[in-house]
Student: 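Pasting a structure below so you can have a look.
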Amino acid sequence: MPELPEVENLRRGLEKKVLGQKIKKIIIRRAKLVSGPGNLRVASKKKAKEFIRSLTGETISRMDRRAKNLIFRFKSGKILLAHLKMSGQFIYKDDKPFSIKTPEGKHTHIIFELSKGTLFYNDIRTFGYLLYFPNEQALGKAAPFKDIGSEPLSAEFTPEYFCRALKNKKTNIKALLLGQSAVAGLGNIYTDEALFAARIRPTRLALSLKPKEVNNLYSAIKKILLKTIQLGGSSVDTYRLLDESRGSFAKEHKVYGRAGEKCLRCGSQLISKKIAGRTTVYCPNCQK
DNA sequence: AATCATCCCTGACCGC
DNA sequence: TGCGGTCAGGGATGAT
């Protein structure tokens, strides 16, 4: 599933391909996936029409990322926010829809015809969504933007910040890292990988971590995210880069997807346990 | 305010 | 072969 490194790679790909292009036409095949300001669960055909009206003719002027959200900014100040959730994909083709042999798959839900090419939004499980906002202020009030913590690769994310974010938190460290409010952009894969690297058991309460452990976890998060971005992300499941290629970090996973196998550090058998509603894999011997 | 449970959805997999 | 059941998971939302 796309997490920070995957979304960041996609952002970079989009920056190269769609910046400066104008949206000529939008085709929405599944209205449920688009919405605008207000309650995300209230999507409708009316909202889909509004989405089309609002963004057709707009020129893409900037590509940003915040946590796992992709943000298209337009010259006019309007904004399109996309969250891929479990299985969303953006695929770009340097052709017009009519010249692409198989322009639509079974899971292609939204198509943007741009001035020079075509951008497809595919999503098997349809958890993802695309939201439009008239301006920055409206975006700031939106649910996906409220209560998001610091970007772990920004200057704002310091050891002191991280320490404060964990202080007095009675929830377990795994749930806290998944929650986005302490650190932005971590999901199930990198949370497990970071906790393994820092030798911390995922069930530990955040407030129980010693200063040394907090520091180790802080460093592990940064190191793993940086490395993964360089490798193009992890292609587990349906994640693809903009040109449909896969990232290569999946080969590097030390614990994710390795339940029952041997710990690469101490040789003990890795165990799997549901924590915070997610399958969590860790080493019962060397993660204390 | 903080924490927790539920729900959305499809494909893969398993046992019969 | 087909069918039903189970699982996977991010995070908005509503309940406690």
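Proteins come first, then strands; the chains are lettered A, B, ... in the order of their sequence lines, and each starts at number 1.
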Student: In the hydrophobic cluster built from side-chain contacts under 4.5 Å, what are the other members alongside A:Tyr282?
Tutor: A:Ile271
Student: Is it the case that the side chains of A:Glu58 and A:Tyr132 hold a donor-acceptor pair, with the cut-off being a distance below 3.5 Å and no angle test?
Tutor: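 Looking only at side-chain atoms, A:Glu58 and A:Tyr132 do not form any donor-acceptor pair under 3.5 Å.
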Student: Under the rule for side chain to side chain donor-acceptor pair (under 3.5 Å), what residues qualify as partners of A:Asn135, not counting sequence neighbours?
Tutor: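 By the side chain to side chain donor-acceptor pair (under 3.5 Å) rule, A:Asn135 matches no residue at all.
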Student: Report the residues that fulfil ring-ring contact (aromatic ring centres under 6.0 Å, His included) with A:Phe112, sequence neighbours left out, ordered by chain and then residue number.
Tutor: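 Per chain and number, A:Phe112 pairs via ring-ring contact (aromatic ring centres under 6.0 Å, His included) with no residue.
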Student: Could you give the angle between the helix axes at the two ends of the helix from B:dA2-C:dT16 to B:dC16-C:dG2, with five pairs per end, rounded to 10 degrees?
Tutor: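 Roughly 40° between the end axes, to the nearest 10°.
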Student: Near DNA chain C, which residues from residues 172-184 of chain A have a heavy atom under 4.0 Å away?
Tutor: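 Output list: A:Gln180.
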Student: According to a strict under-4.0 Å criterion, is A:His83 in side-chain N/O contact with OP1 or OP2 of C:dG10?
Tutor: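 For C:dG10, OP1/OP2 do not have a side-chain N/O of A:His83 under 4.0 Å.
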Student: Other hydrophobic cluster members with A:Val255, side-chain heavy atoms of Ile/Leu/Val/Met/Phe/Trp/Tyr under 4.5 Å, chained?
Tutor: A:Phe196, A:Leu270, A:Val281
Student: Got a sec, which residues hit salt bridge (Lys or Arg N to Asp or Glu O under 4.0 Å) with A:Lys17, two or more places apart in sequence or on another chain?
Tutor: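 Testing A:Lys17 for salt bridge (Lys or Arg N to Asp or Glu O under 4.0 Å), a comparison that skips the adjacent residues, returns A:Asp94.
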Student: Could you pull out all residues at least two apart from A:Arg278 that satisfy side chain to side chain donor-acceptor pair (under 3.5 Å)?
Tutor: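 Side chain to side chain donor-acceptor pair (under 3.5 Å) list for A:Arg278, sorted by chain: empty.
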Student: Taking distance alone, no hydrogens or angles, what donor-acceptor pairs closer than 3.5 Å link side-chain atoms of residues 176-188 of chain A to residues at least two apart or in another chain?
Tutor:
{"from": "A:Gln180", "atom 1": "OE1", "to": "A:Gly185", "atom 2": "N", "distance (Å)": "2.8"}
{"from": "A:Gln180", "atom 1": "NE2", "to": "A:Leu178", "atom 2": "O", "distance (Å)": "3.1"}
{"from": "A:Gln180", "atom 1": "NE2", "to": "A:Leu186", "atom 2": "O", "distance (Å)": "2.8"}
{"from": "A:Asn188", "atom 1": "OD1", "to": "A:Lys174", "atom 2": "NZ", "distance (Å)": "2.4"}
{"from": "A:Asn188", "atom 1": "ND2", "to": "A:Thr279", "atom 2": "O", "distance (Å)": "3.0"}

Student: Tell me what A:Lys274 touches on the nucleic acid: a base, only sugar-phosphate, or nothing, going by heavy atoms under 4.0 Å.
Tutor: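 Contact class for A:Lys274: sugar-phosphate only.
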Student: Kindly confirm whether the side-chain ring of A:Phe127 is stacked on the base of B:dC8, judged by centres under 5.5 Å and planes under 30°.
Tutor: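 Stacked: centres under 5.5 Å apart, planes under 30°.
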Student: What protein N or O atoms touch nucleotides 11-13 of chain B N or O atoms at under 3.5 angstrom, if any, and at what distances?
Tutor:
{"from": "B:dG11", "atom 1": "OP1", "to": "A:Lys106", "atom 2": "NZ", "distance (Å)": "3.1"}
{"from": "B:dG11", "atom 1": "OP1", "to": "A:His107", "atom 2": "NE2", "distance (Å)": "3.0"}

Student: A:Lys85: what forms a side chain to side chain donor-acceptor pair (under 3.5 Å) with it, not counting sequence neighbours?
Tutor: none
Student: Taking only side-chain N and O atoms of A:Thr171, does any of them lie within less than 4.0 angstrom of OP1 or OP2 on B:dT3?
Tutor: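 Negative; the distance criterion is not met.
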Student: Using distance only, find each side-chain donor-acceptor pair of residues 197-207 of chain A under 3.5 Å and give its atom names and separation, not counting sequence neighbours.
Tutor:
{"from": "A:Arg201", "atom 1": "NE", "to": "A:Gln287", "atom 2": "O", "distance (Å)": "2.9"}
{"from": "A:Arg201", "atom 1": "NH2", "to": "A:Pro284", "atom 2": "O", "distance (Å)": "2.5"}
{"from": "A:Arg201", "atom 1": "NH2", "to": "A:Gln287", "atom 2": "O", "distance (Å)": "3.3"}
{"from": "A:Arg204", "atom 1": "NE", "to": "A:Ser208", "atom 2": "OG", "distance (Å)": "3.0"}
{"from": "A:Arg204", "atom 1": "NH1", "to": "A:Glu213", "atom 2": "OE2", "distance (Å)": "3.2"}
{"from": "A:Arg204", "atom 1": "NH1", "to": "A:Lys288", "atom 2": "O", "distance (Å)": "2.9"}
{"from": "A:Arg204", "atom 1": "NH2", "to": "A:Ser208", "atom 2": "O", "distance (Å)": "3.1"}
{"from": "A:Arg204", "atom 1": "NH2", "to": "A:Glu213", "atom 2": "OE1", "distance (Å)": "2.8"}

